[in-house]
Novice: 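Please see the structure below; I have some questions.
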Amino acid sequence: MIRLGVNIDHIASLRQARYRGTPTAAVPEPDPLTAARLCLEAGAHSLTVHLREDRRHIQDADVVKIADRFRARLNLEMAATPAMVELALKIRPAEVCLVPENRAEVTTEGGLDAVGQEKALQPVVQKLRAAGIRVSLFIDPDPQQVAAAALLAPVIELHTGSFADASEKERPPQLLRLEKASHQAHGLKLQVNAGHGLRLSNLPALLALPHLHTLNIGHSLVCHALTVGLGQSVRDFLRAIEKK
Ligand code: PXP
């Protein structure tokens, strides 16, 4: 069975769009902790939050609250910086997924360079693993990256962005890259997760990949929640107005 990890960053994006600068404890909605509970109650297997250097969506206080309630299901995405490592060691999520981070990017644009940064990543991964945290590396489906990742961590998350952005015509070669990477990783005894840009419309094609353990999905899942939930929200507000 393939597991679903829900990335709840964009619940916080919506809150920050209105309440940036207000302490999270004073802000009513939407609450990432409530979202986390709803996702798990609906059957999601894990939760992902990406604590970005610029704190544009999820805040430290959110991560602490979510970890207090759901530590065993929490995957913290973060850059491999000393400040983030220090935070992760305090929060102790079940998993950490190391991602590259570039302040100017709108979302995570490419995979981690496990080949070029092997020496820098090694002590970071060791510290996290010594604290009992399962470490994953977010990499592109590239054979050299998979081989380098296998020397560092027990889990990889394959970046599915190029597949998700590809036109119909370009999709088969992107799928093939992912398939080869997944086979290679499985042969190296790595757990294979995947994520980025996944939507209900491109999932069926992706599910052809072998050895998938967890799919981490965020933006489109939250968008879908708005679409399927908007009608109910309007009905609830109409009912409240009609009570007058
Ligand atoms: N996995 C990783 C490592 C990511 O950085 C992201 C985006 O934050 C996701 C999964 C989820 O991507 P999306 O929001 O496009 O579903």
Side-chain angles (χ1 to χ4, degrees), residues 2-14 16 32 35-36 39 44-59 62-63 66 73-81 84 88 93-114 117 121 125 128 133-142 145-146 149 152-153 155-166 174 178 181-182 185 190-203 205-207 209 212-227:
I2 300 173
R3 292 163 168 259
L4 172 65
V6 179
N7 179 320
I8 56 173
D9 290 343
H10 295 301
I11 302 292
S13 297
L14 199 53
Q16 298 307 101
C39 291
H45 300 89
S46 55
L47 303 161
T48 294
V49 294
H50 184 174
L51 195 57
R52 282 189 169 268
E53 218 187 306
D54 64 5
R55 304 298 196 270
R56 75 177 71 149
H57 36 57
I58 287 289
Q59 306 294 301
D62 295 321
V63 186
I66 295 167
R73 308 274 202 105
L74 181 60
N75 171 36
L76 175 64
E77 255 181 51
M78 53 174 241
T81 62
M84 286 294 175
E95 290 190 45
V96 160
C97 179
L98 294 175
V99 298
E101 196 170 311
N102 156 15
R103 260 180 186 253
E105 70 191 5
V106 174
T107 182
T108 316
E109 281 166 0
L112 202 63
D113 181 10
Q117 296 191 347
L121 287 169
V125 174
L128 295 169
I133 299 169
R134 194 162 166 80
V135 178
S136 164
L137 303 180
F138 186 51
I139 57 168
D140 287 325
D142 172 277
Q145 294 296 338
V146 175
L152 289 163
V155 185
I156 56 166
E157 179 168 334
L158 292 173
H159 194 320
T160 51
S162 301
F163 155 80
D165 294 340
Q174 294 299 338
L178 286 162
S182 194
L190 287 166
Q191 177 183 314
V192 182
N193 299 341
H196 205 90
L198 299 179
R199 299 183 284 275
L200 286 174
S201 58
N202 61 23
L203 264 180
L206 189 90
L207 294 178
L209 285 191
L212 283 177
H213 184 278
T214 298
L215 294 178
N216 289 318
I217 307 181
H219 186 263
S220 187
L221 190 149
V222 172
C223 292
H224 184 64
L226 291 178
T227 308

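Numbering of ligands and ligand atoms starts at 1, following listing order. Just so you know, these numbers come straight off a predicted model, no measurement behind them.
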Novice: Closer than 4.0 Å to some heavy atom of G197 - which atoms of ligand 1 meet that?
Specialist: 12 (O), 13 (P), 15 (O), 16 (O)
Novice: Please assess R56 against Q16 for the test side-chain contact (heavy atoms from CB on, under 4.5 Å), listing each intermediate value before the final yes or no.
Specialist: CA-CA 7 Å; R56 75 177 71 149; Q16 298 307 101; over 6 Å; no
Novice: With heavy atoms of N216 as the reference, note each atom of ligand 1 found under 4.0 Å away.
Specialist: 10 (C), 11 (C)
Novice: Between H10 and ligand 1, which part of the residue brings a heavy atom under 4.0 Å of the ligand: side chain, backbone, both or neither?
Specialist: neither
Novice: Relative to the heavy atoms of V99, which atoms of ligand 1 are at a distance of less than 4.0 Å?
Specialist: 3 (C)
Novice: Ignoring hydrogens and angles, state whether a donor on the side chain of N7 or T48 is under 3.5 Å from an acceptor on the partner side chain.
Specialist: no
Novice: Examine the proximity of ligand 1 to E77 and report which part, side chain or backbone, both or neither, has a heavy atom under 4.0 Å away.
Specialist: side chain
Novice: Is I8 close to I66 at the side-chain level, that is, under 4.5 Å between some pair of heavy atoms?
Specialist: yes
Novice: Using modelled atom types and a 3.5 Å cut-off, is there a donor and acceptor pairing between side-chain atoms of H45 and backbone atoms of L4?
Specialist: yes
Novice: With a 4.5 Å cut-off on side-chain heavy atoms, are L128 and L98 touching?
Specialist: yes
Novice: Which atoms of ligand 1 have any heavy atom of F138 under 4.0 Å away?
Specialist: 2 (C), 3 (C)
Novice: For H219, take its heavy atoms, then give the atoms of ligand 1 lying under 4.0 Å from any of them.
Specialist: 13 (P), 14 (O), 16 (O)
Novice: Give the ring-plane orientation class for H196 versus F138, where under 30° counts as parallel, over 60° as perpendicular and anything between as tilted.
Specialist: tilted
Novice: Suppose I only count heavy atoms of I217 and a 4.0 Å limit; which atoms of ligand 1 are within that range?
Specialist: 16 (O)
